[in-house]
Novice: 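To start, I am sharing the structure in question, which I have written as structure tokens.
Counting convention: from 1, in listed order, for ligands and their atoms alike.
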Amino acid sequence: MALEIKENMLLAPYTIYKIGGPARFFAEAASGDDIRYALEFATNRALPFVIMGAGSNMLVSDGGFDGVAIRINGGEVRVDPPADGERLVCDAGVMMARAVLAAAKAGFGGFEWGIGVPGTIGGSVRGNAGCFGGEMRDVLESAEIFDVSQNSKFKIQNSECSFGYRDSIFKKHPEWIILSATLRLKSGDADAIQQEVQRITMERLGKQDIGTKCCGCIFKNTAWEREDTDREKLTMQFPELAAFVNQSHIPTSFLLDRAGLKGTRMGSAVISPKHANFFINEGTASAEDVRKLIERAKEEVHKKFGVLIEEEIQYVGF
Ligand SMILES: Cc1cc2nc3c(=O)[nH]c(=O)nc-3n(C[C@H](O)[C@H](O)[C@H](O)COP(=O)(O)OP(=O)(O)OC[C@H]3O[C@@H](n4cnc5c(N)ncnc54)[C@H](O)[C@@H]3O)c2cc1C
């Protein structure tokens, strides 16, 4: 059966923020064939498209998206027979938690940290998502890509993905759609792996606003070694930053906190009192409220530290 393409669909329900206006066209696709069909629908009509995963790292404008929104959701997780190493093959729309639990069940370790990322495999490869000391570049072996500009598929190896902190080659190639990913994991004790997954879940519950309408960290952590983050100059002026000199980045939540931003609000969008890099929709916040809060936070951090912080979230329809 041909994939159903709906018209004029509100995107808010498909984002964790529950914010965003309608897409002119909307399709939900799990398989590679359906994804290609939806992309062809867009190209045949010369319409722009946007790919959505779980919508856990995006802010959709109040005006929505004047094109085709393709939500990649669901699909298969397959444990490859360990002839030569332990592999998990996941379709792009598989949620990270589902993949982590499948790995744990199979006794594959090294991916426990992924339980902390409420997104899909596809979105997480693109953003090189990570937490608790792990990131996608540590576990990805290869990914299957559909190149919209060439109308063809290809396989990309980890070494070709130009992974960096919350960065990858896919951010420079919006025409490359991730269809599936093969993760290379390590054999371990299934019970110990499951316990580690639980430990991480509990720790996360204590520190973050889980279950609220937000999209994780709004801003990336801030790399040292930029023009505006000279270690020596900054730590002389702000001795409290010395605690981070041996790390590659300054936690942006620290900068936001010290700029006094916790609890700041714009309409019904508020900076979490628990974690200053989480901006929460208390119920009826608009994308405009969140955007204004982001601008305010950037200004205040710049005023206090002279540092320009950069968004991690992806804007759609702005
Ligand atoms: C409570 C909470 C906690 C979070 N904690 C973390 C954390 O600890 N670490 C972390 O890194 N992130 C975290 N995040 C952010 C988010 O979960 C990750 O960035 C996640 O990887 C995004 O995946 P997604 O499927 O939701 O992508 P979406 O938000 O749907 O999309 C993000 C971007 O990826 C693109 N995209 C999605 N799927 C594909 C695909 N198949 N092919 C090509 N492009 C695609 C989209 O077009 C968009 O530009 C958190 C979010 C929340 C709400």
Novice: Any heavy-atom pair between the side chains of V50 and I70 that's under 4.5 Å?
Specialist: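 Contact flag for I70/V50 side chains = no.
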Novice: Using a 4.0 Å cutoff against the non-hydrogen atoms of S124, which atoms of ligand 1 qualify?
Specialist: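 In order of number, 20 (C), 21 (O).
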Novice: Could you name the option among G134, A69, C217, S56 that has the heavy atom nearest to atom 15 (C) of ligand 1?
Specialist: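 Ranked by closest heavy atom to atom 15 (C) of ligand 1, first place is S56.
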Novice: Does any N or O atom in G130 lie less than 3.5 angstrom from one in ligand 1, N or O only?
Specialist: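 For ligand 1, there is an N or O atom that lies under 3.5 Å from one belonging to G130.
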Novice: Please identify which atoms of ligand 1 are closer than 4.0 Å to at least one heavy atom of G216.
Specialist: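 Every atom of ligand 1 under 4.0 Å from some heavy atom of G216: 2 (C), 3 (C), 4 (C), 50 (C), 51 (C), 52 (C), 53 (C).
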Novice: Quick check: do F146 and E175 have side-chain heavy atoms less than 4.5 Å from each other?
Specialist: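 Side-chain contact under 4.5 Å: no.
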Novice: Which pair of heavy atoms, one from L308 and one from D228, lies closest together, and at what distance?
Specialist: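 The pair with the smallest heavy-atom distance is N-OD2, 2.9 Å.
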Novice: Just wondering, do I72 and M52 contact through their side chains at under 4.5 Å, heavy atoms?
Specialist: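 A side-chain contact is absent here, since even the closest heavy-atom pair is not under 4.5 Å.
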Novice: Going by heavy atoms in the side chains, are E288 and K292 under 4.5 Å from each other?
Specialist: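 SC-SC contact between E288 and K292 confirmed.
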Novice: Considering both backbone and side-chain atoms of I51, is one of its nitrogen or oxygen atoms within less than 3.5 Å of a nitrogen or oxygen in ligand 1?
Specialist: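 Yes; the residue has a nitrogen or oxygen that sits under 3.5 Å from a nitrogen or oxygen of the ligand.
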Novice: Out of all atoms in ligand 1, which are within 4.0 Å of some heavy atom of G53? Include the element for each.
Specialist: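 Those of ligand 1 that fall under 4.0 Å from G53 are 25 (O), 28 (P), 30 (O), 37 (C).
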Novice: What's the separation between atom CG in L183 and atom CE in M136, rounded to the nearest 0.5 Å?
Specialist: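 If we round to the nearest 0.5 Å, L183:CG and M136:CE are 5.0 Å apart.
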Novice: Which option, A129, G119, C131, owns the non-hydrogen atom nearest atom 8 (O) of ligand 1?
Specialist: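 Among A129, G119, C131, the closest heavy atom to atom 8 (O) of ligand 1 belongs to C131.
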Novice: When you look at CD of E240, are more than 12 heavy atoms from neighbouring residues, nucleotides or ligands closer to it than 6.0 Å?
Specialist: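 Enclosed: over 12 neighbouring heavy atoms sit under 6.0 Å from CD of E240.
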Novice: May I ask you to check whether W224 and F244 place their ring centres under 6.0 Å from each other?
Specialist: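 When the ring centroids of F244 and W224 are compared, they turn out to be at least 6.0 Å apart.
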Novice: Show me which atoms of ligand 1 lie under 4.0 Å from any heavy atom of V117.
Specialist: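 Numbered from 1, ligand 1 contributes 9 (N), 17 (O), 18 (C), 20 (C), 21 (O).
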Novice: Provide the number and element of each atom of ligand 1 under 4.0 Å from a heavy atom of A92.
Specialist: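 By the 4.0 Å cutoff, the relevant atoms are 41 (N).
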Novice: Counting heavy atoms only, name the option from T120, V316, I115 that's nearest to atom 25 (O) of ligand 1.
Specialist: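 Considering heavy atoms of T120, V316, I115, the nearest to atom 25 (O) of ligand 1 sits in T120.
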Novice: Any nitrogen or oxygen of I16, main chain or side chain, under 3.5 Å from a nitrogen or oxygen of ligand 1?
Specialist: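 No; every N/O pair is 3.5 Å or more apart.
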Novice: Could you tell me which atoms of ligand 1, counted from 1 in the order shown, lie closer than 4.0 angstrom to a heavy atom of G122?
Specialist: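 Near G122, meaning under 4.0 Å from one of its heavy atoms, ligand 1 has 38 (N), 39 (C), 41 (N).
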Novice: Strictly under 6.0 Å, is that where the ring centroids of F49 and F41 end up?
Specialist: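 Between F41 and F49, which both carry aromatic rings, the centre distance is not below 6.0 Å.
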Novice: Using a strict cut-off of 4.0 Å, indicate which atoms of ligand 1 neighbour a heavy atom of G123.
Specialist: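 Listed by number with element, the hits are 21 (O), 23 (O), 25 (O), 27 (O), 37 (C), 38 (N), 39 (C).
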Novice: Would you call V301 and L261 a side-chain contact if the rule is heavy atoms closer than 4.5 Å?
Specialist: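 Yes, their side chains come closer than 4.5 Å.
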Novice: Identify whether NZ of Lys or CZ of Arg in R291 sits under 6.0 Å from the centre of the six-membered ring of F318 and within 45° of that ring's axis.
Specialist: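 Yes, cation above the ring, under 6.0 Å and within 45°.
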Novice: Partners of K18 by side-chain hydrogen bond (donor to acceptor under 3.5 Å, both in side chains), sequence neighbours excluded?
Specialist: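 Testing K18 for side-chain hydrogen bond (donor to acceptor under 3.5 Å, both in side chains), a comparison that skips the adjacent residues, returns none.
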Novice: Of the backbone atoms (N, CA, C, O) and the side-chain heavy atoms from C-beta on, which set of I72 has a member under 4.0 Å from an atom of ligand 1: side chain, backbone, both, or neither?
Specialist: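 The answer is the side chain.
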Novice: Would you mind finding which of F170, F132, F278, Y17 brings a heavy atom closest to atom 1 (C) of ligand 1?
Specialist: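 Going through F170, F132, F278, Y17 one by one, F278 has the nearest heavy atom to atom 1 (C) of ligand 1.
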Novice: What I want to know is whether M52 and ligand 1 share at least one N or O pair that is separated by under 3.5 angstrom.
Specialist: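 No; every N/O pair is 3.5 Å or more apart.
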Novice: Under 4.0 Å from ligand 1, counting heavy atoms only, is it the side chain of Q314, its backbone, both or neither?
Specialist: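 Contact part for Q314 vs ligand 1: side chain (C-beta onward).
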Novice: Is it the side chain (CB and beyond), the backbone, both or neither of R166 that lies under 4.0 Å from ligand 1, heavy atoms counted?
Specialist: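 For R166, the contact with ligand 1 is made by the side chain alone.
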Novice: Numbering the atoms of ligand 1 from 1, which are under 4.0 Å from a heavy atom of C215?
Specialist: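 Result: 51 (C), 52 (C), 53 (C).
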